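Quick notes on the structure that follows.
Order of listing sets the numbers, starting from 1, for every ligand and every atom in it. Worth saying up front: this structure is predicted, and the values here are computed from it rather than measured. Throughout, residue positions are numbered sequentially from 1 according to the sequence presented.
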Amino acid sequence: MKIYLNGTMVDEADAKISVFDHGLLYGDGIFEGIRLYRGCVFRLDEHLERLEKSAHAILLNLPWVRATIAEAICETCRINGLEDGYIRVIVTRGVGSLGLSHLSCNDPQLIIIADKITLYPEEHYTKGLKIITSPTRRINPAALAPMVKSLNYMNNILAKADANRAGCLEAIMLNDQGYVAECTGDNIFIRHKDKWFTPPTSAGALRGITRGAVLDIMEELGFSCEEPNLTRYDIWTADEMFLTGTAAEVIPVVEVDGRSIGEGVPGLLTHKILEAFHDLVGKDGQMI
Ligand code: PMP
């Protein structure tokens, strides 16, 4: 496999960065997870816009224009012979001194990995996920804006560990006020009767690209979706639920904290939305 590293394609074994990179020392950097479907990079422009905004928010000046990163992404897919896959774009702060200050770092590193994707096991798309609420809270938006897709995922990793220890693959994370924010790597949608709801980004949710695509699909299908603060009670008593994410796509949830959601089987509308999502990908993006 070839990895893009600062303008050159290198073998996987040679794709190395310095131990003084603040990305390693402090998790100081940003990233994007993007999907390639049938030779089309899904919503590439939106991903790059989010990357640019993340960079701006953490005072990281990207020395590459959007078209350069887009071309590097496409080239990484082409050189690895991929038609379908998962692309990881990483920008680290670069090499600096052993202090926290970002001012000692002047050379951000751009890394692009394009590989095959491992989704949740297929059975979970047909049977639905059983998940829990993690006791690990989402970082307060006043401490770190949830829109910034930073390299520091420690609290999500700990919440994922909570899920795994409970025999689950995902966990809901609440914010410090006790409202539902998102899952460790996925956004949340629930339905009550004929209305859909998803937590607002102000509650601590990442503005997911898949979340955005699903909101577009819902509008097209004529479903209403609101973004109020949601409690665990709202989740437990929902008629239908699914999660969205670049890797997960749209995956049904049938049980939360031991409470069945709706009839305890994947909802019909979830299936309809997933079908519409599959229709959209492969068309909505940039061909490599
Ligand atoms: N929330 C978090 C914390 C994430 O890391 C991700 C991405 N895996 C998502 C939500 C979903 O966002 P997207 O649809 O852009 O992948």
Side-chain angles (χ1 to χ4, degrees), residues 27 29-37 41-55 57-58 73 85-91 113-115 117-120 124 129 131 133-134 136-141 143-163 169-176 179-190 198-218 225 227 230 241-251 253 270 273-274 276-278 280-281 284-285:
I30 50 177
F31 75 102
E32 282 296 316
I34 311 173
R35 284 292 283 275
L36 174 72
Y37 291 100
V41 187
F42 184 60
R43 296 203 164 181
L44 178 59
D45 215 44
E46 274 187 41
H47 278 286
L48 294 181
E49 186 182 347
R50 187 169 69 181
L51 186 79
E52 287 165 3
K53 286 188 173 157
S54 291
I58 69 162
I73 288 171
Y86 177 86
I87 304 153
R88 177 60 63 96
V89 181
I90 305 147
V91 179
I113 306 166
D115 201 359
I117 175 91
T118 325
L119 292 169
Y120 289 115
H124 295 294
L129 284 176
I131 65 174
T133 307
S134 164
T136 307
R137 295 284 167 114
R138 188 85 170 101
I139 288 175
N140 185 322
L144 179 63
M147 298 82 168
V148 175
K149 205 161 162 58
S150 89
L151 287 183
N152 202 316
Y153 257 55
M154 189 49 75
N155 82 319
N156 295 48
I157 290 166
L158 294 179
K160 183 92 170 177
D162 294 333
L169 293 177
E170 251 298 13
I172 293 175
M173 298 182 78
L174 307 177
N175 64 21
D176 61 351
Y179 291 116
V180 175
E182 59 179 350
C183 281
T184 68
D186 300 308
N187 290 115
I188 297 171
F189 285 81
I190 55 169
T198 188
T201 52
S202 58
L206 179 79
R207 191 171 287 131
I209 305 293
T210 323
R211 175 184 184 272
V214 163
L215 286 171
D216 292 346
I217 287 168
M218 284 182 164
C225 187
E227 301 182 26
L230 296 172
M241 176 173 182
F242 62 81
L243 310 180
T244 64
T246 292
E249 301 183 325
V250 175
I251 186 158
V253 176
T270 301
I273 291 164
L274 180 57
F277 182 75
H278 282 155
L280 185 71
V281 298
D284 188 354

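Each of the following atoms of ligand 1 lies closer than 4.0 Å to a heavy atom of I209: 13 (P), 14 (O), 15 (O). Within the listing of ligand 1, atoms 15 (O) sit less than 4.0 angstrom from a heavy atom of R50.
Aromatic ring centres of Y86 and F42 lie farther apart than the 6.0 Å criterion allows. Ring pair F31/Y153: centre-to-centre distance below 6.0 Å.
For atom 16 (O) of ligand 1, the closest non-hydrogen atom of the protein is T246 OG1, 2.5 Å. The protein non-hydrogen atom at the shortest distance from atom 14 (O) of ligand 1 is T210 OG1, 2.6 Å. Regarding atom 5 (O) of ligand 1, its nearest protein heavy-atom neighbour is Y153 OH, 2.5 Å. For atom 7 (C) of ligand 1, the closest non-hydrogen atom on the protein side is K149 NZ, 3.2 Å. Taking atom 1 (N) of ligand 1 as the reference point, the nearest protein heavy-atom neighbour is E182 OE1, 2.6 Å.
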Stepwise side chain to side chain contact (heavy atoms under 4.5 Å, CB included) check, L215 with E227:
CA-CA 11 Å; L215 286 171; E227 301 182 26; 3.9 Å; yes
Is there a side chain to side chain donor-acceptor pair (under 3.5 Å) between Y120 and D186 once you walk through the steps?
CA-CA 12 Å; Y120 289 115; D186 300 308; 2.9 Å; yes
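Under 4.0 angstrom from ligand 1, the non-hydrogen atoms of L206 all belong to its side chain.
Every N/O-N/O distance between N156 and ligand 1 stays at or above 3.5 Å. When only interatomic distances are considered, the shortest N/O to N/O separation between T184 and ligand 1 does not fall below 3.5 Å. Residue G245 has no nitrogen or oxygen atom sitting less than 3.5 Å from a nitrogen or oxygen atom of ligand 1, judged on distance alone. When only interatomic distances are considered, the shortest N/O to N/O separation between T244 and ligand 1 does not fall below 3.5 Å.
Looking only at side-chain heavy atoms (C-beta outward), C225 and T198 come within less than 4.5 Å of each other. No side-chain heavy atom of V89 sits less than 4.5 Å from a side-chain heavy atom of H47.
Atom CG of L206 is separated from atom CE of M147 by 9.0 Å, given to the nearest 0.5 angstrom. L174 CG to E182 CD: the interatomic distance, rounded to the nearest 0.5 Å, is 11.5 Å. Rounding to the nearest 0.5 angstrom, the gap separating the CD1 atom in I117 from the CG atom in L36 is 11.0 Å.
Distances from atom 6 (C) of ligand 1 to the heavy atoms of G208, A205, G185 put G185 nearest.
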